[in-house]
Amino acid sequence: MEYKFAEIEEKWKKYWVEKQVYKITEDTSKPKYYVLDMFPYPSGAGLHVGHPLGYVASDIYARYKRLKGFNVLHPMGFDAFGLPAEQYAIETGTHPAETTAKAVKRYREQFDKIGFSFDWSRSVNTTDPGYYKWTQWIFLKLFNSWYNREKNKAEPIEALIQHFEKNGSAGIAPSALERIGKEFSANDWNVFSKSEKQNILMHYRLAYLSYAEVNWCAALGTVLANDEVKDGKSERGGHPVERRKMRQWFLRITEFSDRLLEGLERLDWSEAMKDMQRNWIGRSEGASVKFKLREGELEVFTTRPDTIFGATFMVIAPEHELISQLVTTEQKAEVEKYIGYVKSRTDVERQQEKKVTGVFTGSYAVNPFTGKDIPVWIAEYVLSGYGTGAIMAVPADDERDHKFAEKFGLPIIDIIDKSMYPGATIEDKLGKMINSDFLNGMEVKDAIKAVLDEIEKRGIGKRKVNYKQRDAGFSRQRYWGEPFPIKYEIIGKPDAHLKGDGESDDIPTGLNESDLPLILPNVSTYKPTGDGQSPLANSSDWVAQNYETDTMPGYAGSSWYFLRYMDADNDKEFASKQKMDYWKNADIYFGGAEHAVGHLLYARMWNKFLFDLGLVPMDEPFQKLVNQGMIQGRSSIIYRHKETNEFVSFNLVQQNEEDKYQKLHANIAFVKDDILDIDKFKEWREDYRNAKFVTGKDGNFVCGHEVEKMSKSKYNVVTPDDVIAKYGADCFRMFEMFLGPIEQSKPWDDKGISGVYNFLRKFWRMFYDDKGNWRVTDEAPTDAEFKILHKTIKKVGEDIERLNFNTCISSFMIATNELNALNSNKRKILEPLLIALAPFAPFVAEELWEKLGYAGSIHQATYPKVEEKYLVESTHEYPVSVNGKLRAQIQLPLDMPQDEVQKLVMELENVKKWTNGNAPKKFIFVKGKIVNVVV
RNA sequence: GCCGUGGUGGUGGAAUUGGUAGACACGCAGGACUUAAAAUCCUGUGACACUUAAAUGUCGUGCGGGUUCGAUUCCCGCCCGCGGUACCA
């Protein structure tokens, strides 16, 4: 009997659905294990071979844990709100829900084909009102909560209101002075108008309205993502883009910064991933210091207050609110020109380019320690979002300040003598203070403390912890997202809250929980309104009811989906307490490193927030994290000569002449081993029908190649469907794992897939010979056969735990080769080996399990136990080195003592030759490893 | 720019705590079976030098240094690819 993968896979796919093999309940008799996967966005193109990499790995892991006796939760769902479906809706008028449903269906088919063991009864979809009802519900909780710094946890806003009613703003951190600019008494509070009260509360709510800059493209009438902006122009159409302030929702994630940092210590994540989160949060200790201006003062944040005597000028961000006050009449024109230039640039560009740009405001501030007037400049390297948007510039001790001072001829005063620290860089907090009055002679560390004390004593500033992390923007001017469960109470001009950049006193009010979900309305057009509002503003019904017209961002639904899987159909709660107490949190999460500072921070914050309100049992949602790499595409490139318009075979293109050619993508379907099928290519596109091709001597037309993201537009997409049709799903799964370590990114190349295919057939042939005869016997295996078996299940088990799936495949190949060499077909060997293989190749394992005479599914069997007695070795073949170079080998008992080993080794022919018979200077013996003779 | 990550034969990769570099597989070459092909099986395969052969030697893990009896692995300095950089998901 042949290995007919298509029949086998079809058969078991059906069986698994019919028998609900992967359906899971909260079975308290077994230990729980939660294997979570990255939440996929269902794109219209379907899955390509890159997507399943992590899913195959997690599926193997989940199946392995199940065989090991765990009750495994392994769900899958869809993060289906997003731009692509909306873009398609704008182009074609198709409702995004329709596009999404189609894509989800296709994904599901592909998932099933690959043989994943997901419990589909727990699937979720963020665009389903039954799901986003709870996303809205959590948003309301955020809106109706504040962060109590004293208790260090989030709590209902009522607690804050009660405090205000009783004590006014006294004793609240952060202070009302800091948040709204003034303190107030209980009496004040009680006579404040409704909108005054709401305005104050807004500064404390965890979901709040504020103003922020966005990329505004007037020509497209829409707000753009940073990656839709290239060189200050819109990527689509090349229209000018500028920064524009708009009123929008934010999540006060900064209140959780310290706990997000602290929580990392308890997680089983890679240090790299933790570092990225730490750097993103960017906690730094320093001081806020006020510099006097002619009128008022300019506040800066600095981590190096010790350098204040070297502060020879100040720099403020181009968005700083004091600009209009600081700019003198003479400088006005120049400043306006500069700000216009800055507006055309994104934050990334502003930090990325090393260009030193800036402009003088014409005004001066006073250095509080030197008492000298220092000029105030505007420059783009100071970002408005960080600290106070203003810095004291110390050119002697900061590289960017130094470059700035050099370019604009500003004074530089040395303040730190680093001469006793050769090799110390400018950033190192090392050296002795000079030119710094009372700090002179102090070490930097001591000087920081001394100057902080002095700053606080003089009342010109105070110690402060600052975070690079900013509050998270939570509004999108898009259609395809969750509507906010918010209504405005109109105060003053009607609709003022709709004008994104207009001042508005309108009071946002949360809907009642009983009014959820607030269903996304149908609209006549998905196009933006042109004045910066979301397409929801096109719905007159919606606007008439004064609903918020912005929608939530993509990360809203994905910030809590892992909780919903525990209880996906619950319409009373987002998940029941009982079920959450059972599943707790994800034991392992397979997700890409690209989520390091986005999704993984938001989800942790949401979870901590729900934890504070007593709604979830664990304060961290993802105990262990695995970052799978990306599989990139390997595009085929053909070269067209710019002048002759002929396509030229790549082997004829001279290396230094590449720029004479235009590079075009050829569909990889027409390319085999880098050789183009010219006829197919001509047929493909009308305009290539009459193209001329210059081939090599052998008549072949060779393509170049490039590694880039797999995408439709690059014609380099390979789908799992194609691979499965050719080799089967078991082979596809194993090959994806065989490609290399899952954390690593690599281009897809199916060169080598035949190796895995051959393995599966070899494995099959241990059960059936060429003529279809059953080969498995009940004979007792030899020790040598047992050794192969136990060596393999030990190695495979360890490698799965370590997530080294690629070497598991090698181990199975080695075992098969070794058993074949012994002509071994014994049930006692093959049966346990088959169970070990089942997580990797679930279909063929199921088929052979049945053939072995079992009625149930192999995926509900028990993982074989390693019997160490077959693995004990008594001797070792020692490599013998002389001076670190391998010169001989010798087989010795493992329990032989060193002096005996030395005696035998020194007598070896080759050792004598390389030591010239000299006695060793040193004899290194590592038991069970190596021998090294040093002469 | 900043943060993170990776670089090993013709190719994908292995080497788990500093201990035989190249497991396993692809590709390639030669052979067996066959009328032939496919499939399957066997042998060889890092580079260079030397040799009839067996063997042997030198070099070799992006580049340049260092620590060590011993470095793909640890340290210092560089080069290149990839991911993130706050409205792609």
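Proteins get letters first, then strands, A, B, ... in listed order; numbering begins at 1 in each. All figures in this text were calculated on a predicted structure; none of them were measured in a lab. All values below were derived from every heavy atom in this structure, side-chain atoms included, with hydrogens, water molecules and symmetry-related copies excluded.
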Please report the distance separating the P of B:rC75 from the corresponding atom of B:rG84, rounded so that it comes out in whole Å. 27 Å
For the pair made of NE2 in A:His599 and C1' in B:rC87, what is the distance, rounded to whole Å? 17 Å
Side-chain donor/acceptor pairs under 3.5 Å, residues 46-56 of chain A, sequence neighbours excluded:
unit_1, atom_1, unit_2, atom_2, d
A:His48, ND1, A:Gly50, N, 2.9
A:His51, ND1, A:His48, N, 2.9
A:Tyr55, OH, A:Met38, O, 3.1

Whole Å only: how far is the CD atom of A:Gln628 from the C1' atom of B:rA89? 13 Å
Looking only at atom P, what distance separates B:rG31 and B:rA49, rounded to whole Å? 26 Å
Using the P atom in both, what is the distance from B:rA23 to B:rA47, to the nearest Å? 13 Å
Assigned glycosidic conformation for B:rG9 [threshold 90° from 0]: syn
When you measure from the side chain of A:Met276, which nucleotide among B:rG83, B:rG84, B:rC87 comes out closest? B:rG83
Listed once per pair and sorted, the side-chain hydrogen bond (donor to acceptor under 3.5 Å, both in side chains) pairs that draw on residues 753-762 of chain A, sequence neighbours left out: A:Asn758-A:Arg761, A:Lys762-A:Asn817
Assign A:Lys885 to base, sugar-phosphate, or nothing according to its heavy-atom contacts below 4.0 angstrom with the strands shown. sugar-phosphate
Hey, is the main chain of A:Asp471 close enough, under 3.5 Å, to the side chain of A:Thr254 for a donor-acceptor pair? no
Using the six-membered ring wherever Trp is involved, compare the ring planes of A:Phe763 and A:Phe767 and label them parallel, tilted or perpendicular (cut-offs 30° and 60°). tilted
A:Tyr88 atom OH, neighbour heavy-atom count above 12 within 6.0 Å: no
What is the minimum heavy-atom distance between A:Pro535 and A:Glu86, and which atoms define it? CG-OE2, 4.1 Å
Could you tell me whether A:Ala596 contacts a base, only the sugar-phosphate backbone, or nothing, with contacts defined as non-hydrogen atoms closer than 4.0 Å? nothing
Can a donor-acceptor pair be found between the side chains of A:Glu548 and A:Trp249 at a distance below 3.5 Å? yes
Here the salt bridge (Lys or Arg N to Asp or Glu O under 4.0 Å) pairs for residues 270-281 of chain A, sequence neighbours left out, are A:Glu265-A:Arg278, A:Glu271-A:Lys274, A:Glu271-A:Arg278, A:Asp275-A:Arg278
B:rG57, OP1 or OP2 - any side-chain N/O from A:Trp914 closer than 4.0 Å? yes
Base, sugar-phosphate, or nothing: which does A:Val597 touch, judged by heavy atoms less than 4.0 Å apart? sugar-phosphate
Could you please name the option among B:rC41, B:rU85, B:rC82 that lies closest to any side-chain atom of A:Gln632? B:rC82
Given the C1' atoms of B:rC33 and B:rC41, what is the spacing between them in whole Å? 9 Å
With respect to the phosphate group of B:rA86, does any side-chain polar atom (N or O) of A:Asn226 fall under 4.0 Å of OP1 or OP2? yes
Whole angstrom is fine here: how far is it from CG in A:Leu251 over to P in B:rA86? 17 Å
Whole-angstrom distance between B:rG62 and B:rU8, as gauged at atom C1': 10 Å
Would you measure the distance from the P atom in B:rG19 across to the matching atom in B:rG13 and give it in whole Å? 23 Å
Does atom CD of A:Gln891 have more than 12 heavy-atom neighbours from other groups under 6.0 Å away? yes
If you look only at pairs with a residue in residues 591-604 of chain A, which of them pass as a salt bridge (Lys or Arg N to Asp or Glu O under 4.0 Å), with sequence neighbours excluded? A:Arg604-A:Glu620
Using only heavy-atom distances, decide whether a donor-acceptor pair under 3.5 angstrom links the side-chain of A:Glu86 to the base of B:rC88. no
Distance, P atom - from B:rU17 to B:rG30, rounded to whole angstrom: 43 Å
Does B:rU40 have its OP1 or OP2 closer than 4.0 Å to a side-chain nitrogen or oxygen of A:Arg761? yes
With a 3.5 Å cut-off and just heavy-atom distances, do the side chain of A:Gln477 and the base of B:rC87 make a donor-acceptor pair? yes
Find the distance A:His48:NE2 to B:rA89:C1' and express it as a whole number of Å. 12 Å
Starting from C1' on B:rC3, measure out to CD on A:Glu271 and report it in whole angstrom. 14 Å
Can a side-chain donor-acceptor contact be found between A:Asn716 and A:Ser635 if the only test is distance below 3.5 angstrom? yes
Think A:Arg470 has a side-chain N or O under 4.0 angstrom from the OP1 or OP2 of B:rA86? no
What string of B, S and - do you get for nucleotides 13-32 of chain B, 5' to 3', when a contact is any protein heavy atom under 4.0 Å? SS-B--BB--BBSS------
Distance, rounded to the nearest Å, where A:Lys913 contributes NZ and B:rU56 contributes C1': 7 Å
Take atom C1' in B:rU58 and the same atom in B:rG1, then report the distance between them in whole Å. 45 Å
Hey, does the side chain of A:Arg278 come within less than 4.0 Å of B:rC2's phosphate (OP1/OP2), counting only N and O? no
Stem list, RNA chain B (Watson-Crick or G-U pairing under 3.5 Å, at least 3 consecutive pairs): B:1-7 with B:79-85, B:10-12 with B:24-26, B:27-32 with B:40-45, B:46-49 with B:56-59, B:62-66 with B:74-78
Would you please say whether a donor-acceptor pair under 3.5 Å links the side chains of A:Thr551 and A:Trp480? no
Upstream residue (5' side of RNA chain B) when A:Asn279 and A:Tyr41 are each assigned their closest nucleotide: A:Asn279
